[in-house]
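Here is the structure we will look at.
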Amino acid sequence: MNQKITILGAGSWGTALAILAARNGCQVLLWGHNPHHIALLAKQRQNRRYLPELNFPDTINVTDNIKDAAQFSDLILVCVPSQVFKQTLLALYPHCTARITVAWATKGFNPDDGCLLHEVVADIFGAHTPAALLSGPTFAREVAADLPTAITIAANQAEFANHLADIFHSNRFRTYTSTDLIGVEVGGAVKNVLAIAAGIADGLGFGANTRAALITRGLNEIIRLGVQLGGKQETFMGLAGLGDLILTCTDNQSRNRRFGLALGQGKNKDDIIKEIGQEIEGISAAKETHLLALKYGIDMPITEQTYKVLYEQLAPQTAVQNLLSREPKSEASD
């Protein structure tokens, strides 16, 4: 293919997508903000901190220089946490060409104002800029290990979605395209909140019945918010909605689920964050989702109780009791 691509973010997901793109014939420049970490990647030719024992193809190079990253390719793929998404793009912007195209695999909201990430991209690069999001039920290690995976690519321009689909599609990595940026973004952000809730329930010793109920009712909360913000209901029944939600709520590769699991077991929040050692997107997403629910008057009880556990020191047992003590209602009324 000989396509050049710059990937911003040398964590597990950025590294996995770099390996995938290189495996598919792309020339990849992987940027990270930490010079020591990038020096180790260059020397060891693998990311031993996040994806040990997975060697880099020869067509991956690394840098900690944002100017070099911007000038390597007109195609930028952002894989940094949502908390630094905006500031990373602001640092990139002065060095970009006028032909820039921007994709991201970041899941979350902009912490400054709770807006969706495609709005951040439009504000910085202009609404005319081709912009796309890669999302779906994916764990970085499985993608890097070339295990079968399917993903959704949503874009503001169909041609750009198709271009990205061609870049990443392989016989082990199936790509589907969409025009519903809003729906795919909301699904990817809110599922992390619900994964914390599912982890808490499991940590408290509740069973599969509880987990299934949380996933099902949690999906309903995602749909309510997503449709309110302009997403399409059918998006939430696909890979970037239900698929991602099931994965994140049920498998311990999910940092958000592991975080909730430890909370339910009575461990200290700060100690858990330190132990996991990577970004737990659901923590900030719980606050941002809760504020959006209040802003639009949307009933999101699981999100609300998760927010209170994280930010108001509500005991997990009390949060569960609050959910169970809600008045009975028709399932169809939602």
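At least one donor-acceptor pair under 3.5 Å links the side chain of E185 to the backbone N or O of L117. Within the 3.5 Å criterion, the main-chain N or O of A293 finds no donor-acceptor partner in the side chain of Q228. Panel note: side chain R45, backbone P57; a donor-acceptor pair is recorded below 3.5 Å. Listed for the Q3 side chain is no donor-acceptor partner under 3.5 Å among the backbone atoms of I167. A distance-only check finds no donor-acceptor pair linking the side chain of S178 to the backbone of A154 [under 3.5 Å]. In this structure, N256 contributes its side chain and L194 its backbone to no donor-acceptor pair below 3.5 Å. A donor-acceptor contact shorter than 3.5 Å is absent between the side chain of R211 and the backbone of F206.
Heavy-atom neighbours of E312 CD from other residues, nucleotides or ligands within 6.0 Å: above the threshold of 12. More than 12 heavy-atom neighbours from other residues, nucleotides or ligands sit within 6.0 angstrom of CD on Q253. Within a 6.0 Å radius of CG in D58, no more than 12 heavy atoms belonging to other residues, nucleotides or ligands are found. Under a cut-off of 6.0 angstrom, the local environment of OH in Y93 is sparse, with at most 12 non-hydrogen atoms contributed by other residues, nucleotides or ligands.
For the pair T210 and A201, the tightest heavy-atom approach, listed with the atom from each and the gap, is CG2-CB, 3.9 Å. Residues V186 and I222 share a closest heavy-atom pair of CG1-O, 4.0 Å. The two residues T6 and A69 come nearest to each other via the heavy atoms OG1-O, 2.8 Å. Closest heavy-atom contact between G282 and L310: O-CD1, 4.4 Å. The two residues S12 and L51 make their nearest non-hydrogen contact at O-CD1, 3.4 Å. L133 and A105 make their closest contact through CD1-CA, 4.4 Å (heavy atoms, listed as atom of the first residue, atom of the second, distance).
The closest side-chain heavy-atom distance from Q46 to L54 is not below 4.5 Å. Using a 4.5 Å heavy-atom cutoff, the side chains of R99 and P130 are not in contact. A heavy-atom distance below 4.5 Å is not found between the side chains of N110 and E119. Looking only at side-chain heavy atoms (C-beta outward), Y296 and L229 come within less than 4.5 Å of each other. For the pair W104 and V80, the minimum side-chain heavy-atom distance is 4.5 Å or more. Contact of the L116 side chain with the F109 side chain is registered, since non-hydrogen atoms from C-beta on lie closer than 4.5 Å. The side-chain heavy atoms of T149 and F139, taken from C-beta on, include no pair separated by under 4.5 Å. For the pair P81 and Q278, the minimum side-chain heavy-atom distance is 4.5 Å or more.
Using modelled atom types and a 3.5 Å distance limit, the side chains of E281 and S82 yield a donor-acceptor pair.
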Practice prompt. Report the C-alpha distance between I283 and F259 in whole Å, list the side-chain angles of each, state the deciding distance to 0.1 Å, and finish with yes or no for side-chain contact (heavy atoms from CB on, under 4.5 Å).
Written response: CA-CA 9 Å; I283 297 175; F259 174 73; 3.7 Å; yes

Item to complete: Might you work through the side-chain contact (heavy atoms from CB on, under 4.5 Å) test for L294 and E304, ending with a clear yes or no?
Response: CA-CA 10 Å; L294 292 177; E304 179 185 18; over 6 Å; no

Practice prompt. Start with the C-alpha distance between K86 and I124, add both sets of side-chain angles, then the distance that settles side-chain contact (heavy atoms from CB on, under 4.5 Å), and finish with yes or no.
Written response: CA-CA 9 Å; K86 183 177 181 178; I124 296 173; 4.3 Å; yes

Item to complete: Please assess L8 against I66 for the test side-chain contact (heavy atoms from CB on, under 4.5 Å), listing each intermediate value before the final yes or no.
Response: CA-CA 9 Å; L8 304 181; I66 195 71; 4.2 Å; yes

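Between F173 and F168, the ring planes lie tilted relative to each other; the angle falls in the 30° to 60° range.
Follow the hydrophobic side-chain contacts under 4.5 Å out from V102 and you never reach L17; the two are in separate clusters. Both V28 and L164 sit in one connected hydrophobic cluster of ILVMFWY residues. Membership requires side-chain heavy atoms under 4.5 Å apart, directly or through other members. Under the 4.5 Å side-chain heavy-atom criterion for Ile, Leu, Val, Met, Phe, Trp and Tyr, I19 and V143 are members of the same hydrophobic cluster. Y176 and M237 sit in two unconnected hydrophobic clusters of ILVMFWY residues. Membership requires side-chain heavy atoms under 4.5 Å apart, directly or through other members. Follow the hydrophobic side-chain contacts under 4.5 Å out from V78 and you reach I100 in the same cluster.
Expressed to the nearest 0.5 Å, how far SG of C26 lies from CD1 of I5 amounts to 6.0 Å. Atom CG of residue L89 and atom CD1 of residue I76 lie 9.0 Å apart, to the nearest 0.5 angstrom. The CD1 atom of I273 sits 11.5 Å away from the CD atom of E275 when rounded to the nearest 0.5 Å. Atom CD of Q157 and atom OG1 of T179 lie 12.0 Å apart (nearest 0.5 Å). A distance of 9.0 Å separates CG in L77 from CH2 in W13, rounded to the nearest 0.5 Å. Note that CG of L219 is 6.0 Å distant from CG of L245, once rounded to the nearest 0.5 Å.
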Atom pairs and distances, donor-acceptor, side-chain atoms in residues 29-39, under 3.5 Å, two or more places apart:
unit_1: W31; atom_1: NE1; unit_2: D64; atom_2: O; d: 3.3
unit_1: N34; atom_1: OD1; unit_2: H36; atom_2: N; d: 2.9
unit_1: N34; atom_1: OD1; unit_2: H37; atom_2: N; d: 3.2
unit_1: H37; atom_1: NE2; unit_2: N47; atom_2: OD1; d: 3.2

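Counting only residues at least two apart or in different chains, salt bridge (Lys or Arg N to Asp or Glu O under 4.0 Å) contacts with residues 244-272 comprise K107-D244, K191-D244, D202-R257.
Ion pairing between a basic and an acidic side chain is recognised when a charged N comes within 4.0 Å of a carboxylate O; D180 and K232 show no such pairing.
Remark: L314 pairs with Q305, K308, V309, T318, A319, N322 by the side chain to side chain contact (heavy atoms under 4.5 Å, CB included) rule, at least two apart or across chains.
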